[in-house]
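What you see is a predicted model; the values in this text were computed from it and never measured. Each chain gets a letter, A, B and so on, in the order its sequence line appears, and its residues count up from 1.
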Amino acid sequence: MSREVRVRFAPSPTGPLHIGGVRTALYNYLFAKKNGGKFLLRIEDTDQTRFVPGAEDYIKDSLDWLGITADESPWNPGEVGPYRQSERKADYMQYALDLVEKGHAYYAFDTSEELEAMRKRLTAARVVQPQYNSITRTQMKNSLTLSEEEVKERLASGDPYVIRVKIPRKEEVRLNDMIRGWVMVHSSTLDDKVLMKSDGMPTYHLANIVDDHLMGITHVIRGEEWLPSAPLHVLLYKFFGWESTMPQFAHLPLLLKPDGNGKLSKRDGDKLGFPVFPLNWENKATGETAAGFREQGYLPDAFLNFLAFLGWNPGNDQEIFSKEELVEAFSIERIGKSGTKFDIAKAKWYNEQYLRSKPDSELAEFVVADAKSTGTEISPELAENMVRLTKERVTFPAEFWKDYQYIVIAPDTFDEQVASKKWNEDAVKVLTHYAGVLDNFSGTFDAETAKNLLGESAEAEEIKSGKVMQAVRLAVTGVGGGPDLMEIFAILGTAELAKRIRFALDTLSIAG
RNA sequence: GGUCCGUUCGUCUAGGGGUUAGGACGCAUCCCUUUCACGGAUGAAACACGGGUUCGAUUCCCGUACGGACUACCA
């Protein structure tokens, strides 16, 4: 009988969650759902100096937006809470002490100045890697070098101290990563990492292992940046005697900058011309806002689909996956090993695909709202008509109104390039004739009728209608390209259409 | 510097001892069309390098190069 799958996403609320983190959350979620397990969210806020107000809410909002819902979290606690490490503070010390008792950890009283001096001394002695380890700890102030009496005294008098792990001098540490296979490291290259800080808070390493154990975590799926410390984690499981329930590790390839230079970091922001955050983030300190995918117009399902494919693939040609399909198809075996460069063009393509699959009526709501925000009230019917005509031509919902509002609002300027090339006497003749026809028309003016009448006007002037079509378009819309013109005519109606044509006739002059 | 991880078209990737090395995005050309898109068709475009192993290596092994992560009382 294997245990129920339990995975966690454990972000640190030190700023906005970036997309690498979101992807990690997504993979954890998919893995849990695929295996009928639980997905937990744990806030790792052990570093009080880096706490950023609002970051926790941001994490929640981001995951909510994408529908990556945790089965257990600070907002929806299960039975192994609390789900914030700051609220678990009291528990960690006993585990650290347990390690001290077992001889796997020790007190260290060195000040930061003394540590600095040690590193300087070692560097001067050309030691390549100055670190607190099995060799150097013999020269430092800790419970391994000080007398038992002095240690007791220092502890009693409230001397600041940390608890460090005692890394064995010669041991081959191995772990079987689900993505990378066997990884082996010799303990001599590891250092005696701090487990408990002098402020009484645990470091990541201690808190992480203790909480994962207490919360029954079976699989640790996290970014590759943790791979170097994974051997330490394995050692800690062993020291605690928790080997039999040690989770399996899966270290995800990193998300890289598009130029291939380093991992995608929070600081990159819209400096690179696209968001690296799911949602807008306002930096309270600087007042600057970093762009989010949501506000740029990305649909959550499209973004999720895109994100899933950054480092994972289903092994077949299918590219469009709903969340449910992703759950069904997901497996850790199909996650790649190498870093993934972020390609915004693909993200846009995904958005277009999802946008086109949405019903016109739903998209029309965006258009009504966007129009209203610029002071124009339009009916849902009109908005839906606009969507029907332009859906295949936009990437983001905002483009409906931004690029095609001429369907509602008559243009007052005309594209000069098109005008100079296409505006000619033939066009003037046909349009003048057509305007007159429109004045006298009564009946149903649909696209078909609009086209027939225009054809007749052209014929009357003995001009091929195809020759003047772009000029006609220019006159009515102000631009040289766009959706089916006759459909636009039908929406405008004869009166508005005639009015626009006459305005163009008055305004435009034939290029010499 | 040290430890660890990685390397298939520009990008995301499939594949895996014998393949015309497949797909997607992007790009180009053509078709459709009243324009621009959409759609359809076609095309250019890749196994980092050097040694092994093998009848045969892009695939396995070892080096080299390159890229990346880590190297805090941060996570």
Side-chain angles (χ1 to χ4, degrees), chain A residues 10-14 44-47 49-50 85 108 110-112 115 119 123 126-132 160-164 177 179-181 183-186 188-191 193-205 207-208 222-231 251 253-254 256-258 260-263 306 309-320 334 336-350 352 356 389-394 418 422 451 454-455 464-474 477 479-486:
Chain A
S12 192
T14 54
E44 308 224 328
D45 53 352
T46 54
D47 186 358
T49 63
R50 293 210 307 160
Q85 290 186 328
D110 316 278
T111 64
S112 50
L115 289 172
R119 287 185 188 113
T123 306
R126 282 178 303 175
V127 171
V128 283
Q129 210 162 3
Q131 55 181 19
Y132 210 116
Y161 68 92
V162 299
I163 295 179
R164 286 179 182 272
D177 188 272
I179 293 171
R180 274 147 230 289
V183 176
M184 267 164 274
V185 176
H186 196 86
S188 62
T189 66
L190 268 26
D191 63 339
K193 280 269 183 301
V194 169
L195 262 22
M196 287 299 290
K197 298 184 264 192
S198 55
D199 65 358
M201 277 292 212
T203 58
Y204 170 85
H205 302 105
N208 188 263
R222 67 207 330 183
E224 194 187 356
E225 67 267 29
W226 294 111
L227 194 50
S229 54
H251 288 95
L254 262 16
L256 272 17
K257 300 181 202 214
N261 229 300
K263 79 167 172 174
F306 165 69
F309 271 69
L310 251 29
W312 172 86
N313 75 85
N316 58 36
D317 287 347
Q318 188 180 344
E319 304 251 7
I320 305 293
R334 297 211 64 88
K337 294 187 208 306
S338 49
T340 304
K341 280 179 200 149
F342 191 84
D343 181 17
I344 198 66
K346 192 93 179 206
K348 286 182 177 168
W349 178 80
Y350 268 111
E352 287 164 2
R356 282 163 204 168
L389 256 41
T390 58
K391 202 181 185 179
E392 310 276 271
R393 347 170 62 88
V394 304
V418 181
K422 302 288 181 181
K451 186 176 185 175
L454 183 64
K464 287 200 167 182
S465 63
K467 289 260 182 203
V468 296
M469 281 310 290
Q470 217 177 344
V472 174
R473 175 181 291 281
L474 179 73
T477 69
V479 292
D484 192 309
L485 231 204
M486 296 309 132

Exercise for the section: With P as the reference atom in both, quote the distance from B:rU7 to B:rC60 in angstrom, rounded to an integer. Expected result: 10 Å

Problem - Pairwise C1' distance for B:rG15 and B:rU71, with rounding to whole Å - result: 37 Å

Practice task
Please state the P separation for the pair B:rC25 and B:rU58 - nearest whole angstrom.
Solution key: 30 Å

Fill in the blank from the handout: note: A:Leu389, atom CG; B:rU33, atom C1'; distance rounded to Å ~ 15 Å

Between the protein and nucleotides 26-32 of chain B, which nitrogen or oxygen pairs come in under 3.5 angstrom?
none

Practice task
Determine whether any donor atom in the side chain of A:Arg50 lies under 3.5 Å from an acceptor atom in the base of B:rC74, or the reverse, and answer yes or no.
Solution key: yes

Practice task
Look at A:Lys197 and B:rA75 and indicate whether a side-chain polar atom (N or O) is within less than 4.0 Å of OP1 or OP2.
Solution key: yes

Practice task
Would you kindly give the CZ-to-P distance between A:Phe306 and B:rC25, to the nearest whole Å?
Solution key: 14 Å

Practice task
Look at the side chain of A:Arg356 and the backbone N and O of A:Glu392, then say whether any donor-acceptor pair between them is shorter than 3.5 Å.
Solution key: yes

Exercise for the section: Check the distance between B:rU13's C1' and A:Phe309's CZ and give it to me in whole angstrom. Expected result: 10 Å

Practice task
Check whether any side-chain heavy atom of A:Leu254 sits under 4.5 Å from a side-chain heavy atom of A:Glu225, and report yes or no.
Solution key: yes

Completion exercise
When rounded to whole Å, the CE to P distance for the pair A:Met196 and B:rC74 reads 12 Å

Problem - Whole-angstrom distance between B:rC31 and B:rA37, as gauged at atom P - result: 14 Å

Handout entry: Short side-chain N/O contact to B:rC73 OP1/OP2 from A:Ser112, under 4.0 Å
Key = no

Practice task
For B:rA44 versus B:rG10, give the span between their C1' atoms, rounded off to a whole number of Å.
Solution key: 12 Å

Problem - Separation between the C1' atoms of B:rA14 and B:rA72, rounded to whole Å - result: 42 Å

Exercise for the section: Scan A:Pro160 against the nucleic acid and name what it touches under 4.0 Å (heavy atoms): base, sugar-phosphate only, or nothing. Expected result: nothing

Exercise for the section: State whether A:Lys346 places a side-chain N or O below 4.0 Å from either non-bridging phosphate oxygen (OP1 or OP2) of B:rC12. Expected result: no

Exercise for the section: Taking atom P in both B:rC9 and B:rG2, compute the distance separating them and give it to the nearest angstrom. Expected result: 29 Å

Exercise for the section: Rounded to whole angstrom, note down the C1' distance from B:rC38 over to B:rG22. Expected result: 26 Å

Practice task
Quick one: list whatever passes side chain to side chain donor-acceptor pair (under 3.5 Å) with A:Arg334, sequence neighbours left out.
Solution key: A:Asn313

Do any N or O atoms of the protein come closer than 3.5 Å to N or O atoms of nucleotides 69-71 of chain B, and which pairs are they?
| unit_1 | atom_1 | unit_2 | atom_2 | d |
| --- | --- | --- | --- | --- |
| B:rA69 | OP1 | A:Lys263 | N | 3.2 |

Handout entry: Below 4.0 Å: OP1/OP2 of B:rU13 and any side-chain N or O of A:Asn313
Key = no

Problem - Heavy-atom donor-acceptor pair, A:Thr203 side-chain to B:rC73 base, under 3.5 Å - result: no

Problem - Validation row: A:Arg180, A:His251 side chains within 4.5 angstrom (heavy atoms) - result: yes

Practice task
May I ask you to test the A:Val468-A:Gln470 pair for a side-chain heavy-atom distance under 4.5 Å?
Solution key: no

N/O-N/O pairs, protein side and nucleotides 43-45 of chain B side, under 3.5 Å:
none

Handout entry: A:Phe342: partners by ring-ring contact (aromatic ring centres under 6.0 Å, His included), with sequence neighbours left out
Key = A:Phe274, A:Phe306

Handout entry: ring-ring contact (aromatic ring centres under 6.0 Å, His included) partners for A:Trp226, two or more places apart
Key = A:Tyr204

